[in-house]
K.L.:
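Dropping a structure here in structure tokens format, bear with me for questions.
Values in this document were obtained by computation on a predicted structure and should not be read as measured data. Start at 1 with the first residue, then count along the sequence.
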Amino acid sequence: MNQQLTVEDKGRRLVILVSRSDRSTLEIAVTPAGEVEVAAPLAATDAEIAARVHRRSRWIHTQLRYFDQFRPRTPTRRWVPGETHRYLGRPYRLRIGDTNASSGVTRTRGFLIVDGVSYDDSDGIRSTVEAWMRRESRTVFTASISRSAGRFVQSGVTPHRLIIRPMSARWGSMSPSGTLSINPALVQGSIELIDYVVTHELAHRIEPDHSARFVELMNHVMPDHAERKVKLERALA
């Protein structure tokens, strides 16, 4: 159940994106796109959600100002030969390979060689490269989960399931049931940044919201998490 809820707070009108589900806690998140999202129990009323937003007002506005500094973000990609795209933190230029071969991508010497598409087929280039990155990302993210889980003394932080799906304004999320969703675009970031996102989401298996306890946990398992967060937004903005 999804809805938009408008809350007046400190002279600013906040449009809250509310999703209700069968969960016991209410979580507030601010996305890099500047959206305020609330994941709430089915029984939570609009008044209860608004009251929680007011209580977390200082944190929300701090997050909004934080993400504002990274705008404007990367221009829309054209998906043409010669354009630069990132993979694991390194820049690669698109190059068309064998147009008659089966579609695929080869990474070599600073280039992503795209086979099976013509030079002027931007849609084909995009779908071929994105499909390749998505396949590669499962191996990359699975390895990151293994590394990141080792940071925690507590058992049970490993997710029950990994889902790789595009997300318009988030790098990852952890459901109450233990499903870890990761944006395939994160594979453009370095291993350092991927591990930050995965560690952040695994920490939610212990602390479901962004409370002081959550920050304390992140300070313990990844002391430089704040610096990594800044690097992530600057690298993939």
K.L.:
Relative to Trp59, does Arg56 satisfy both conditions: NZ or CZ under 6.0 angstrom from the six-membered ring centre, and within 45 degrees of the ring's axis?
P.N.:
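Relative to the ring axis of Trp59, which defines the angle, Arg56 lies inside both limits.
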K.L.:
Honestly, is Lys231 close enough over Tyr196, meaning NZ or CZ under 6.0 Å from the six-membered ring centre and within 45° of the axis?
P.N.:
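No, Lys231 does not lie over the aromatic ring of Tyr196.
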K.L.:
Would you mind telling me which of Val53, Leu14, Val15, Asp46 makes a side-chain contact (heavy atoms from CB on, under 4.5 Å) with Leu5?
P.N.:
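That would be Asp46.
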K.L.:
Please state whether the rings of His204 and Phe214 are parallel, tilted or perpendicular, taking 30° and 60° as the class boundaries.
P.N.:
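Correct class here is parallel.
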K.L.:
Tell me, do Ile194 and Phe141 make a side-chain contact under 4.5 Å, heavy atoms counted?
P.N.:
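Ile194 vs Phe141: side chains touch.
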K.L.:
How about Arg205 and Gln154: does a side-chain donor come under 3.5 Å of a side-chain acceptor?
P.N.:
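There is no such pair (donor and acceptor under 3.5 Å, judged by atom type) between the side chains of Arg205 and Gln154.
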K.L.:
Do Val187 and Arg134 have side chains that approach each other closer than 4.5 Å (heavy atoms only, starting at C-beta)?
P.N.:
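The answer is no; the side chains never approach within 4.5 Å.
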K.L.:
Please determine, by modelled atom types, if His85 and Glu83 share a side-chain donor-acceptor pair under 3.5 angstrom.
P.N.:
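Yes, side-chain donor-acceptor contact under 3.5 Å.
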K.L.:
Would Arg23 and Thr25 satisfy side chain to side chain donor-acceptor pair (under 3.5 Å), going step by step from the backbone distance to the final call?
P.N.:
CA-CA 6 Å; Arg23 56 183 293 147; Thr25 60; 3.2 Å; yes
K.L.:
I want to check something: taking the side chain as every heavy atom from C-beta on, are Leu232 and Leu186 in contact at a cut-off of under 4.5 Å?
P.N.:
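In short, these two side chains touch, coming nearer than 4.5 Å.
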K.L.:
Can a cation-pi geometry be assigned to Arg93 and Phe111, taking NZ or CZ under 6.0 Å from the six-membered ring centre and within 45° of the ring axis?
P.N.:
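So Arg93 doesn't make the cation-pi contact.
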K.L.:
Yes or no on side chain to side chain contact (heavy atoms under 4.5 Å, CB included) for Trp171 and Glu201, after CA distance, side-chain angles and deciding distance?
P.N.:
CA-CA 10 Å; Trp171 295 117; Glu201 299 306 332; over 6 Å; no
K.L.:
Could you report the tightest heavy-atom contact between Glu8 and His54, atom names first, then the distance?
P.N.:
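Residues Glu8 and His54, closest heavy atoms: O-CE1, 3.0 Å.
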